[in-house]
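Read the structure below first, then the notes.
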Amino acid sequence: PVRLVLLSFREASMRDVKVFLAERKSSSSPEVAAIWEKLEHFHQKKLWHQLTLAVLDFVRHPVFAEGDLLLKTYENFIVTFEHVINQIALVKIGLIVTASIKDADKSLQFLTSISTKVKTWPEASVLCRTNIARLRLEIEPLEPLKRVIEDLNKDLDALDSVTTTHGEFYKLSSEYYRRIGDHANYYRDALRYLGCTDLEELSENERAEAAFRIGIAALLGEGVYNFGELLAHPVLESLRKSERTWLVELLVAFNRGDMVTFQAADATWRTMPDLRVAEPQLRTKLSLLALMEMIFARPASARSLPFNDIATAAHVQPEEVEMLVMRALSLGLVRGSINEVQQLAHMTWVQPRVLDREQLGTMQARLDDWCAKVQQTAFSVEDQAPELLVS
């Protein structure tokens with residue numbers, strides 16, 4: 001009896017699919033009717049892979065741009081084979097259907113139903129839950145989403161490799177951190193999002209807006225002292241071509257600890273309320289970066305820095321130098337010790353950073369100098385060592 005019931009249900013479903021497809025073919029243009037015909041062929045032959053690819057392409061067709069035809073297509077056609085196709089593909093189809101639903105609550109309800117169907121597939125589940133969280137981000141309070149993002153991050157770490165799902169997650173998490181004003185975490189996750197995303201998929205305006213927001217977050221983010229990765233990213237090209245090029249120049253100045261350029265550009269960056277309000281913190285960060293750049297530029301044998309030299313490089317008062325060095329030590333930016341009596345800071349290490357071309361040139365010059373010294377030492381050993389006789 002159970003088998004008969006199942007067969008009857010499947011037969012009824014097949015009849016419903018045939019009726020639906022027949023209606024679509026008869027009411028569509030010849031071009032679109034041919035696509036429906038192809039889908040019906042794949043469905044009848046149970047060519048699930050070919051059907052999946054065809055559906056993924058077709059759901060983006062302009063015929064679905066208005067109305068609820070896409071949702072009806074899912075409910076009357078796609079639902080009959082959703083359990084036999086790749087579950088990540090199912091989620092991607094579901095996301096396109098979700099975007100066509102105008103009512104926010106209904107779209108959330110629909111995507112949640114997809115989530116229950118793919119919960120045994122780790123990557124598909126994370127992808128679906130990530131987009132559910134993105135919908136909730138628009139209609140619900142932010143605080144409950146913190147736990148959701150933390151749980152998603154744990155599940156994401158369990159995946160074997162970096163995929164487009166990572167990009168979707170970092171897009172969600174960066175937007176969450178942007179909205180709560182956490183500049184440092186926004187900066188880190190927005191860079192990760194760009195690292196998982198093909199920039200060609202973003203419009204010029206989207207690239208410019210992303211570059212601008214990340215640049216501002218880099219300046220304001222607490223604990224962000226490495227600008228090299230952002231400066232090397234091609235997304236900044238969208239700013240270099242616009243009136244916002246001043247931000248790129250400001251990021252370069254911070255990366256080099258260049259207080260002079262920062263002060264010279266104050267008429268520009270002061271137009272940004274967030275930067276103007278945070279000026280004391282920006283100056284402190286720039287002084288710390290100037291100290292790091294000063295240490296980096298010196299060979300290991302010349303890293304006993306007089307307080308007066310630090311004060312000049314970091315643009316602080318001599319009496320503020322000790323506090324500046326202590327702050328750098330406490331933040332883990334440098335390692336070393338302070339000789340208050342001799343007014344010297346003995347530095348042994350500086351935090352590694354992504355280097356720009358000028359800093360790479362400095363590194364190359366130091367390596368060349370080191371190679372020359374090694375060669376000179378080798379020649380000296382050869383000249384002074386006694387001949388060794390081997391019998």
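Worth saying up front: this structure is predicted, and the values here are computed from it rather than measured.
For Glu150 and Lys154, the salt-bridge test fails: no basic side-chain N is under 4.0 Å from an acidic carboxylate O. Between Glu237 and Lys241 there is no salt bridge, since no side-chain N of the basic residue sits under 4.0 Å from a carboxylate O of the acidic one. Under a 4.0 Å N-O distance rule, the pair Glu209/Arg244 qualifies as a salt bridge. Asp266 and Arg276 are not joined by a salt bridge, as no carboxylate oxygen comes within less than 4.0 angstrom of a charged side-chain nitrogen. Salt bridge absent: Lys72 and Glu75 never bring a charged side-chain N and a carboxylate O closer than 4.0 Å. Ion pair Glu175/Lys171 not flagged as a salt bridge, since none of the NZ, NE, NH1 or NH2 atoms sits closer than 4.0 Å to an Asp/Glu carboxylate oxygen.
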Given the rule in the salt bridge (charged side-chain N to carboxylate O under 4.0 Å, His left out) test, do Glu40 and Lys25 qualify, once you have shown the distances and angles that lead to the verdict? CA-CA 10 Å; Glu40 184 176 26; Lys25 287 187 289 185; 2.5 Å; yes
Give the intermediate values and the outcome of side chain to side chain contact (heavy atoms under 4.5 Å, CB included) for residues Leu250 and Leu219. CA-CA 9 Å; Leu250 198 61; Leu219 297 174; 3.7 Å; yes
When you look at Arg136 and Val148, which way does the side chain to side chain contact (heavy atoms under 4.5 Å, CB included) test go after all the steps? CA-CA 11 Å; Arg136 292 177 59 189; Val148 173; 3.7 Å; yes
Please test Tyr74 against Phe110 for ring pair (Phe, Tyr, Trp, His ring centres under 6.0 Å), starting from the C-alpha separation and ending with a verdict. CA-CA 11 Å; Tyr74 188 94; Phe110 173 79; 5.1 Å; yes
Step by step, work out the side chain to side chain contact (heavy atoms under 4.5 Å, CB included) result for Asn131 and Thr98. CA-CA 10 Å; Asn131 283 276; Thr98 301; over 6 Å; no
Intermediate values then yes/no, side chain to side chain contact (heavy atoms under 4.5 Å, CB included), Arg129 and Val126: CA-CA 5 Å; Arg129 287 157 49 212; Val126 172; 4.2 Å; yes
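By the rule that hydrophobic residues join a cluster once side-chain heavy atoms approach within less than 4.5 Å of another member, Trp121 and Val79 end up as members of separate clusters. Cluster annotation: Val162 is not connected to Val91 through the hydrophobic network of ILVMFWY side chains, with a link wherever side-chain heavy atoms come within less than 4.5 Å.
Between the Glu340 side chain and the Glu322 main chain, no donor and acceptor come within less than 3.5 Å of each other. With hydrogens and angles disregarded, no donor-acceptor distance shorter than 3.5 Å links the side chain of Glu140 to the backbone of Leu137. Between the side chain of Arg192 and the backbone N or O of Gly167 there is no donor-acceptor pair closer than 3.5 Å. For Thr261 (side chain) and Asp258 (main-chain N/O), no donor-acceptor pair under 3.5 Å exists by modelled atom type. Between the side chain of Asn339 and the backbone N or O of Gln342 there is at least one donor-acceptor pair closer than 3.5 Å.
Test Phe81, Trp36, Phe20 against His43 for ring-ring contact (aromatic ring centres under 6.0 Å, His included) and you get one pass: Phe81.
Using modelled atom types and a 3.5 Å distance limit, the side chains of Ser304 and His346 yield a donor-acceptor pair. For the residue pair Glu123/Thr163, the side-chain donor-acceptor check at 3.5 Å is satisfied.
Between Trp269 and Phe262, the distance from one ring center to the other falls under 6.0 angstrom.
With rounding to the nearest 0.5 Å, the separation of OG in Ser115 from CG in Leu127 is 10.0 Å.
Using a 4.5 Å heavy-atom threshold, the side chains of Arg327 and Thr284 count as touching. The shortest side-chain heavy-atom distance between Leu247 and Ile216 falls under the 4.5 Å cut-off.
Ser287 and Met259 get closest at one heavy-atom pair: OG-CE, 3.7 Å. Contact detail for Gly257 and Ala290: the closest heavy-atom pair is O-CB, 3.4 Å.
Scored by the side-chain hydrogen bond (donor to acceptor under 3.5 Å, both in side chains) test, Ser173 finds Asp189 as partners (sequence neighbours excluded). Considering only residues two or more places apart in sequence or on other chains, Phe64 meets the ring pair (Phe, Tyr, Trp, His ring centres under 6.0 Å) condition with Phe58. Checked against ring pair (Phe, Tyr, Trp, His ring centres under 6.0 Å), Tyr177 has no partners two or more places apart in sequence or in another chain.
No cation-pi contact links Arg178 to Tyr186, judged by a cut-off of 6.0 Å to the six-membered ring centre and 45° from its axis.
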